Amino acid sequence: MQTRVCIIGGGPSGLMLSQLLHLQGIDTVVLERQSREYVLSRIRAGVLEHGFAQLMREARCGERMDREGEIHEGFQIAHDGKMDRVDLHKYSGGSSVVVYGQTELTRDLYEARDLMKGVVIHNADDVQLRDIKSVKPYVTYRAGDEIVRIDCDFIIGADGFHGVSRNSIPKTVLKEYEKVYPFGWLGVLSRTKPVSPELIYAKHERGFALCSLRSQVLSRYYIQVPLSDKVEEWSDEAFWNELKRRLPPDVSEQLITGPSIEKSIAPLRSFVAEPMRYGQLFLAGDAAHIVPPTGARGLNSAASDIYYLYHAMVAHYKNGDSSGLDSYSAKALARVWKAQRFSWWMTTLLHTFPDSIEYDRQLQQTELAYLFSSDAAQRSLAENYVGLPF
Ligand code: PHB
């Protein structure tokens with residue numbers, strides 16, 4: 001098989017890039033290790049920054065997102081017995097975010113790929129990247145007993161944190177930065193009316209909690225838990241009780257509970273791998289960087305990678321200009337590190353750290369008091385939350 005760009009990973013990043021390149025007449029093949037059903041059963045975050053929503057529209061996949069997604073112009077932070085609102089619209093110069101589940105967005109991207117007869121190969125086992133330093137790289141995978149070879153000009157590693165792409169870069173070249181937080185988030189999805197029309201981030205001494213949503217009939221809630229907790233040990237009842245204890249009393253009273261449709265624990269981690277290019281291989285999204293979910297940056301920091309790669313590939317194929325490809329790693333990493341900084345800041349601000357000292361807790365309180373007394377601080381939060389420019 002032959003293609004111009006071989007994309008490893010059929011998640012939102014890989015599908016989005018494939019769709020954008022196809023619209024420009026650039027041929028791609030997407031390889032995904034899992035089945036489509038599996039990819040579409042994963043529950044992921046649900047806040048899209050302005051720039052990501054624009055990219056969905058540019059990829060001609062934004063119709064359902066614009067119809068069913070909710071525009072949010074602010075969110076709440078509950079702390080020290082009160083609730084303060086962050087006015088995203090006011091402090092970001094009129095911008096906002098779209099609440100639309102990543103799972104739904106992935107479904108839309110698959111549909112768009114199908115309509116354009118894009119090649120997306122599922123259940124591709126044992127993917128291997130070959131000759132990535134040469135100008136004629138290729139990828140092999142196993143389909144049943146058969147080994148299939150795909151010759152290409154470029155390989156995009158959009159196969160997530162555990163994918164093969166990053167590990168195809170020699171250890172002597174790759175530099176990895178990692179910070180593991182001493183807690184995780186226990187998340188519950190329930191078919192209940194959300195407790196609040198806007199997201200509530202709650203700082204509480206028992207641990208952080210978040211009230212989020214997918215629609216007016218589907219709620220997503222999280223609580224901070226120790227890493228040693230097992231999801232089987234958390235009954236629905238125990239989850240709802242703990243969530244209520246961490247929310248302001250007037251919010252808890254309004255909370256409608258119900259059976260969980262999905263329940264899982266995710267550890268919190270910050271991670272960056274440099275460089276994001278090695279030979280003809282370009283890393284994108286979780287394959288190169290991970291953030292804790294607190295600032296809702298995960299998918300959004302993948303969006304800028306895709307944006308830069310898309311424009312660099314188009315300039316290369318249409319004008320013979322490879323400068324965008326050459327500057328990709330440095331440019332992508334500059335924005336990636338800003339998303340890292342913001343996610344670390346929000347995580348540190350709102351969680352209860354098991355090893356914190358009284359001094360740290362005073363600083364957390366002071367940071368929040370400063371935030372809500374300063375227009376400049378709220379502007380800084382808002383511009384990061386709606387997404388820094390690409
Ligand atoms: C979610 O809805 O899953 C969600 C929302 C905001 C976050 C993290 C997760 O910061």
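Start at 1 and go down the list; that is how both ligands and their atoms are numbered. Bear in mind that the values here come from a model prediction, so they are computed numbers and not experimental data.
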*Asks:* So if I count the atoms of ligand 1 from 1 in the order they appear, which ones are less than 4.0 Å from some heavy atom of T294?
*Replies:*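 This gives 10 (O) as the contact atoms.
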
*Asks:* Of all the non-hydrogen atoms in the protein, which one sits nearest to atom 5 (C) of ligand 1, and at what distance?
*Replies:* S212 OG, 3.5 Å

*Asks:* With heavy-atom distances below 4.0 Å as the criterion, list the atoms of ligand 1 near W185.
*Replies:* 8 (C)

*Asks:* Any idea which protein heavy atom is nearest atom 3 (O) of ligand 1, and the distance to it?
*Replies:*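 Closest protein heavy atom to atom 3 (O) of ligand 1: Y222 OH, 2.5 Å.
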
*Asks:* Any atoms of ligand 1 less than 4.0 Å from a non-hydrogen atom of R214? List them with their elements.
*Replies:* 1 (C), 2 (O), 3 (O)

*Asks:* Is it true that E176 and R166 make a salt bridge, defined as a side-chain N closer than 4.0 Å to a carboxylate O?
*Replies:*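 Yes, this pair counts.
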
*Asks:* Quiz question: by atom type and distance under 3.5 Å, do the side chains of R220 and Y222 form a donor-acceptor pair?
*Replies:* yes

*Asks:* Taking non-hydrogen atoms only, is A296 closer than 4.0 angstrom to ligand 1 via side chain, backbone, both or neither?
*Replies:* both

*Asks:* Check each atom of ligand 1 against the heavy atoms of V47 and keep those under 4.0 Å away; list them by number with element.
*Replies:*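 Going through ligand 1 atom by atom, the ones under 4.0 Å from V47 are 5 (C), 6 (C).
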
*Asks:* Find all atoms of ligand 1 within a distance of less than 4.0 Å from any non-hydrogen atom belonging to L199, and give their numbers and elements.
*Replies:*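 Every atom of ligand 1 under 4.0 Å from some heavy atom of L199: 5 (C), 6 (C).
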
*Asks:* Does V99 reach ligand 1, in the sense of a heavy atom lying below 4.0 Å from it?
*Replies:*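 Distance cut 4.0 Å: V99 fails for ligand 1.
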
*Asks:* Between S18 and R113, does any side-chain donor sit less than 3.5 Å from a side-chain acceptor?
*Replies:*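 Yes, because at least one side-chain N or O of S18 sits under 3.5 Å from a partner of the opposite role on R113.
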
*Asks:* Between the side chain of H351 and the main-chain N/O of F353, is any donor-acceptor distance below 3.5 Å?
*Replies:*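 A pair under 3.5 Å: no.
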
*Asks:* Within 45° of the ring axis of F372 and under 6.0 Å from its six-membered ring centre, is that where the NZ or CZ of R85 lies?
*Replies:*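 Judged by the rule, R85 and F372 form no cation-pi pair.
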
*Asks:* Does ligand 1 have an atom under 4.0 Å from some heavy atom of M346?
*Replies:* no

*Asks:* Report, in ascending order of atom number, the atoms of ligand 1 lying under 4.0 Å from any heavy atom of G46.
*Replies:*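 Those qualifying, in numeric order: 1 (C), 2 (O), 3 (O).
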
*Asks:* Is there a donor in the side chain of Y177 and an acceptor in the side chain of Q340, or the other way round, less than 3.5 Å apart?
*Replies:*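 No, because no side-chain N or O of Y177 sits under 3.5 Å from a partner of the opposite role on Q340.
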
*Asks:* What do you reckon, does Y385 have a nitrogen or oxygen under 3.5 Å from a nitrogen or oxygen of ligand 1?
*Replies:*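 No, no N or O pair falls under 3.5 Å.
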
*Asks:* Quick one: which of Y100, Y201, Y221 has a heavy atom closest to atom 6 (C) of ligand 1?
*Replies:* Y201

*Asks:* Does a donor on one side chain sit under 3.5 Å from an acceptor on the other, for D305 and H289?
*Replies:* yes

*Asks:* Checking S301 side chain against G298 main chain: does a donor-acceptor pair fall under 3.5 Å?
*Replies:*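 A pair under 3.5 Å: yes.
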
*Asks:* Considering only non-hydrogen protein atoms, determine which one is nearest to atom 8 (C) of ligand 1 and report residue, atom name and distance to 0.1 Å.
*Replies:* P293 O, 3.3 Å

*Asks:* Decide whether a cation-pi geometry holds between R149 and Y138; the criteria are a distance under 6.0 Å from NZ or CZ to the six-membered ring centre and an angle within 45° of the ring axis.
*Replies:* yes

